[in-house]
Amino acid sequence: MSNEQIHAIVLKSVAASDYLQKISLHERAALMHSIADEITELGESLIQTAEQETGLPNARLQGEKGRTVGQWRSYANAIKSGLFAEARIDKGDGVQKADIRKYNKAVGPVAVFGASNFPFAFSTAGGDTASAIAAGCSVVYKEHPGHPATSQIMAEAIQRGLRKHGAPEGAFGYIQGAGNSVGEALVLHPAIKAVAFTGSLAGGKALFNLGVTREEPIPVFAEMGSVNPVFALPEFLQQNTSTFAQQYVGSLSLGVGQFCTNPGVLVVQKDASLASFKQQLQEEIAKIPAARMLHQGIANSYNQGRSQLLEQQGVEQIGAGSAAENGQGQGAIYSVDAKYFIDNPILSHEVFGPAGLLVECEDQQQMLAVLAQLGGQLTITFSATKGDMKQYVDLFNLAQKKCGRLLFGGMPTGVDVVLAMQHGGPFPSSTDSRFTSVGPDAIKRFLRPVSFQNWPDELLPQELQESNPLKIERIVDNKRELAYS
């Protein structure tokens, strides 16, 4: 796609963004529910197309479609409640103190880049698109080359939902092209006011650098994955050797390891239970069949990553799943002594796929050193008893500085779309740890506060008018005014 074509699409998005900001919160929520309806109505052809393009199984895609619909509805309900308007009113006294009222307003057109591993929930109609439109921003979507036909089907559903409410064509613009130049032209366009991206560290960092070096810098919200370390503490591991090995391998190999929350590093202490645990890991990974990865490029990168791991000092393979054919990913687990892990940054790099690295520590202090060496993470998991955690307080405290979501038990590969979810963490897991890309709070990325001082009531936004016509929750003179119906 040429720069001229991109320019024409972005210009349409400017007027459409104005439209989305002018309609009321209730009207915007209704528009989003219409888009959810259109996605719901998409039949088996959508699933079959996505299967063919990505290799993801039918059941996984059906579940992801449901999640996508749920995102549109939950984000719509969240904005209708006024939660993200964050209306603040200080009436003043008419003499010395002014009447000041503040709310959150859309930043303007947003560029959204599709993700390879979630063709529905993180791509065309994914959470970035839904949260941007919820905020009142138009979207210019950059198609992911891994599933173009799937993207087209979803884009048409979004556009049908928009047309039902008379939204301008530019409310959702669609850009094609596999080259880096297309994405660069989009990010550098002066009308684009924010960027959302889910993908690799290299891709996210490149877009971030473009965004901050523009004449008008803009935020680039990039979620770039991590190794999501799991710390299996001694008392827990002694009590749950077999069941935990099964649980870990199941999470590691879920979706052929192609989740951004895949637990790629497992940290343990050397004790009497370690030999038995490693044997259990070997037996469990051997049960995992090789499976098709999202596309050949990811499969190639995965195999290169595995080869690089084995080249590092001290790394040994514990076990592997069934042999892989071309384009498939073979499950594998490796081990390394913590002293090598701490001194070798390569070992803490993400290998995108079903490969896990067991890091063996002498004691709690070495566990702390392993965690200190890691960069920012989306998640950190403690597989531990309460007694363990009382003994490992320093590890727990350091973990809170290193991640966006901290788990006690379970595995990180499930990400619930709820208000309390934090999907984003310190760099390099994301470019701005203050925000999430999952859950209604993702809307906050595309809003900015605006204050109005001493304005006539009838000229104020509805969110700030004296009568509260939208019946939303507000803070008035430092007292919470609850929403009402």
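Since this is a predicted model, take the numbers as computed values, not measurements.
- Annotation: side chain of Val415 is in contact with side chain of Arg405 (closest heavy-atom distance under 4.5 Å).
- Applying the side-chain hydrogen bond (donor to acceptor under 3.5 Å, both in side chains) test to pairs two or more places apart or on separate chains, those with a residue in residues 103-117 are Gln21-Lys105, Glu86-Asn104.
- Atom CG of Asn228 and atom CZ of Phe259 lie 12.0 Å apart (nearest 0.5 Å).
- Sequence neighbours left out, the pairs with a member in residues 248-262 that pass side-chain hydrogen bond (donor to acceptor under 3.5 Å, both in side chains) are Ser251-Thr413.
- Annotation: side chain of Phe352 is not in contact with side chain of Ser200 (no heavy-atom distance under 4.5 Å).
- For the pair Leu419/Leu83, a side-chain contact is recorded, criterion being any heavy-atom separation below 4.5 Å from C-beta on.
- Proximity of a side-chain donor or acceptor of Ser123 to a complementary backbone N or O of Phe118 within less than 3.5 Å is detected.
- Partners of Ser181 under the side chain to side chain contact (heavy atoms under 4.5 Å, CB included) rule, at least two apart in sequence or in another chain, do not exist in this structure.
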Walk me through whether Ser74 and Asn77 qualify under side-chain hydrogen bond (donor to acceptor under 3.5 Å, both in side chains). CA-CA 5 Å; Ser74 67; Asn77 294 337; over 6 Å; no
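- Put simply, OH on Tyr392 and CZ on Phe382 are 10.5 Å apart, with the number rounded to the nearest 0.5 Å.
- Enclosure of atom CG in Asn180 is not indicated, since only 12 or fewer non-hydrogen atoms of other residues, nucleotides or ligands lie within 6.0 angstrom.
- Taking CG from Leu281 and CZ from Phe244, the interatomic distance works out to 8.0 Å, rounded to the nearest 0.5 Å.
- Counting only distance, with no hydrogens or angles, the side chain of Gln330 and the backbone of Gly321 share a donor-acceptor pair below 3.5 Å.
- No side-chain donor-acceptor contact under 3.5 Å links Arg306 to the backbone of Asn303.
- A search for side chain to side chain contact (heavy atoms under 4.5 Å, CB included) contacts involving Val315 returns Leu310, Gln312, Tyr334, Val336, Leu347, not counting sequence neighbours.
- Side-chain contact between Asp432 and Pro219 is absent, with no heavy atoms from C-beta onward closer than 4.5 Å.
- Contacts classified as salt bridge (Lys or Arg N to Asp or Glu O under 4.0 Å) and involving residues 56-77 (residues at least two apart or in different chains) are given here: Asp37-Arg73, Arg60-Glu64.
- In this structure, Arg448 has no side chain to side chain donor-acceptor pair (under 3.5 Å) partners at least two apart in sequence or on a different chain.
- At distances below 3.5 Å, not a single donor-acceptor pair connects side-chain atoms of Asp394 with backbone N or O atoms of Leu368.
- With a 6.0 Å radius and a threshold of 12 heavy atoms from other residues, nucleotides or ligands, Lys402 has its NZ atom above the threshold.
- Atom OG1 in Thr124 sits 10.5 Å away from atom NE2 in His144 (nearest 0.5 Å).
- A pairwise comparison of heavy atoms in Asp128 and Ser437 identifies OD1-CB, 4.3 Å as the closest pair.
- In terms of heavy atoms, Gly356 sits closest to Leu252 at N-CD2, 3.6 Å.
- Shortest non-hydrogen contact noted between Gly410 and Thr381 is O-CG2, 3.5 Å.
- Pro354 is listed as a side-chain neighbour of Val256, based on a closest heavy-atom distance under 4.5 Å.
- Considering NZ of Lys142 and CE of Met1, their distance stands at 10.0 Å, rounded to 0.5 Å.
- Ala106 and Cys137 get closest at one heavy-atom pair: CB-SG, 3.6 Å.
- Here the side chain of Arg101 pairs no donor or acceptor atom with the backbone of Ile89 at under 3.5 angstrom.
- In this structure, Ser226 contributes its side chain and Leu378 its backbone to a donor-acceptor pair below 3.5 Å.
- For the atom pair Ile333 CD1 and Leu357 CG, the distance stands at 10.0 Å (nearest 0.5 Å).
- A 6.0 Å sphere centred on CD of Glu27 holds more than 12 heavy atoms belonging to other residues, nucleotides or ligands.
- Although no hydrogens or angles enter the test, the distance criterion places a donor-acceptor pair under 3.5 Å between the side chain of His147 and the main chain of Ala115.
- Counting only residues at least two apart or on different chains, the salt bridge (Lys or Arg N to Asp or Glu O under 4.0 Å) pairs with a member in residues 175-196 are Lys193-Glu216.
- No side-chain donor-acceptor contact under 3.5 Å links Asn344 to the backbone of Tyr340.
- Evaluation of the ring-ring contact (aromatic ring centres under 6.0 Å, His included) test over residues 403-451, restricted to residues two or more places apart or in two chains, returns Phe221-Phe435, Phe221-Phe446.
- Judged by distance alone, the side chain of Ser17 and the main-chain N or O of Ser13 form no donor-acceptor pair under 3.5 Å.
- For residues 343-354, the set of pairs meeting the salt bridge (Lys or Arg N to Asp or Glu O under 4.0 Å) definition, not counting sequence neighbours, is empty.
- In this structure, Ala125 and Ile39 approach most closely via the heavy-atom pair CB-CD1, 3.8 Å.
- Without hydrogens or angle criteria, Arg28 side chain to Leu20 main chain gives a donor-acceptor distance under 3.5 Å.
- Residue pairs that meet the ring-ring contact (aromatic ring centres under 6.0 Å, His included) test with at least one member in residues 170-216, sequence neighbours left out, are His7-His189, Tyr141-Tyr174.
- In this structure, the side chains of Pro109 and Val14 come closer than 4.5 Å at one or more pairs of heavy atoms.
- Contacts of Glu53 classified as side chain to side chain donor-acceptor pair (under 3.5 Å), with partners at least two apart in sequence or in another chain: Thr150.
- Sorted by first and then second residue, the ring-ring contact (aromatic ring centres under 6.0 Å, His included) pairs with a member in residues 54-82 form an empty list; sequence neighbours excluded.
- Heavy atoms of other residues, nucleotides or ligands lying less than 6.0 angstrom from CZ of Arg434 number 12 at most.
- Side chains of Pro119 and Leu294 form no contact here, defined as non-hydrogen atoms less than 4.5 Å apart.
- Scanning all heavy atoms of the two residues, the minimum distance from Ile35 to Gly161 falls at CG1-CA, 3.9 Å.
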